Amino acid sequence: MVARIPHGRVATYGQIAAEAGLLRRARLAGYALRHAPEALALPWHRVLNAQGRISLPAGSTAAARQRERLQAEGVELVNGRVDLKRYRWQPRSDAPLLD
DNA sequence: AACTTGACTTCCG
DNA sequence: CCGGAAGCCAAGT
C-alpha cells in the first residue's frame with residue numbers, strides 16, 4: 001500500500017493499515033515500515049501520523065530526512081505539520097488490489 | 001504465561 | 001492547541 005502513494009501525496013499509518021485490510025492496526029503499519037527491506041525502496045517518507053506529523057524521533061536525522069524528502073516533492077509543512085486535507089492520498093475505489 | 005514496547009489513534013479536559 | 005490516558009495488538013523479553 002505504501003508503494004502506491006503517489007509522488008507529492010501522503011497517507012497515515014492508520015489509513016495504510018485499513019487499506020491493507022487491517023483496520024485499527026496502525027502500529028502494525030509502523031512496525032512493517034520500520035522492518036521493511038531497504039531494497040524495496042518504499043516511499044516511506046509519505047507516511048505520517050493521524051495529525052499530519054512525522055512520527056520519527058524529533059530531532060533525529062531520520063526525521064530530518066523525511067522532512068526534506070517531503071518538501072522536495074512539494075509537500076508543504078507548516079509548523080512541522082502537513083495539511084492532510086490537502087495532501088492526503090485518496091486511493092481509487094476501483095484500483096486493483098495487490099495479490 | 002506475564003510483562004514491556006512501540007515509524008499509532010482517539011477521546012477528554 | 002497541547003498533554004495525558006486509554007485503547008490497540010504484534011513482537012520481543
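Just so we're clear, the structure is a prediction, and the values are computed from it rather than from any experiment. Throughout, protein chains are lettered first and strands after them, A, B, ... in sequence-line order, and every chain is numbered starting at 1.
- For A:Asn49 and B:dG6, the CG to C1' distance is 14 Å, given to the nearest whole Å.
- Listed nucleotides C:dC1, C:dA10, B:dT9 differ in distance to A:Leu28; the shortest reach to its side chain belongs to C:dA10.
- Contact annotation: side chain of A:Tyr31 to base of C:dA10, donor-acceptor pair absent below 3.5 Å.
- When rounded to the nearest whole Å, the span between CZ of A:Arg34 and C1' of B:dC8 equals 14 Å.
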May I have the step-by-step check of side-chain contact (heavy atoms from CB on, under 4.5 Å) for A:Val78 and A:Asp83, ending in yes or no? CA-CA 8 Å; A:Val78 181; A:Asp83 183 349; over 6 Å; no

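- Across the protein-nucleic acid pair, A:Asp83 atom CG and C:dC1 atom P stand 11 Å apart, rounded to whole Å.
- Using a 4.0 Å heavy-atom criterion, one finds that A:Arg46 contacts no nucleic acid atom at all.
- Regarding A:Arg27, its CZ atom lies at a distance of 9 Å from the P atom of B:dT9, rounded to whole Å.
- Following rounding to the nearest Å, A:Gln15 (CD) and B:dT9 (P) show an atom-to-atom distance of 10 Å.
- An OP1 or OP2 oxygen of B:dT9 is reached within less than 4.0 angstrom by no side-chain nitrogen or oxygen of A:Arg24.
- Put simply, CD on A:Gln51 is 15 Å from P on B:dA7, counting in whole angstrom units.
- Relative to the side chain of A:Trp44, the nucleotides B:dA7, B:dT9, B:dG6 differ in distance, and B:dA7 lies closest.
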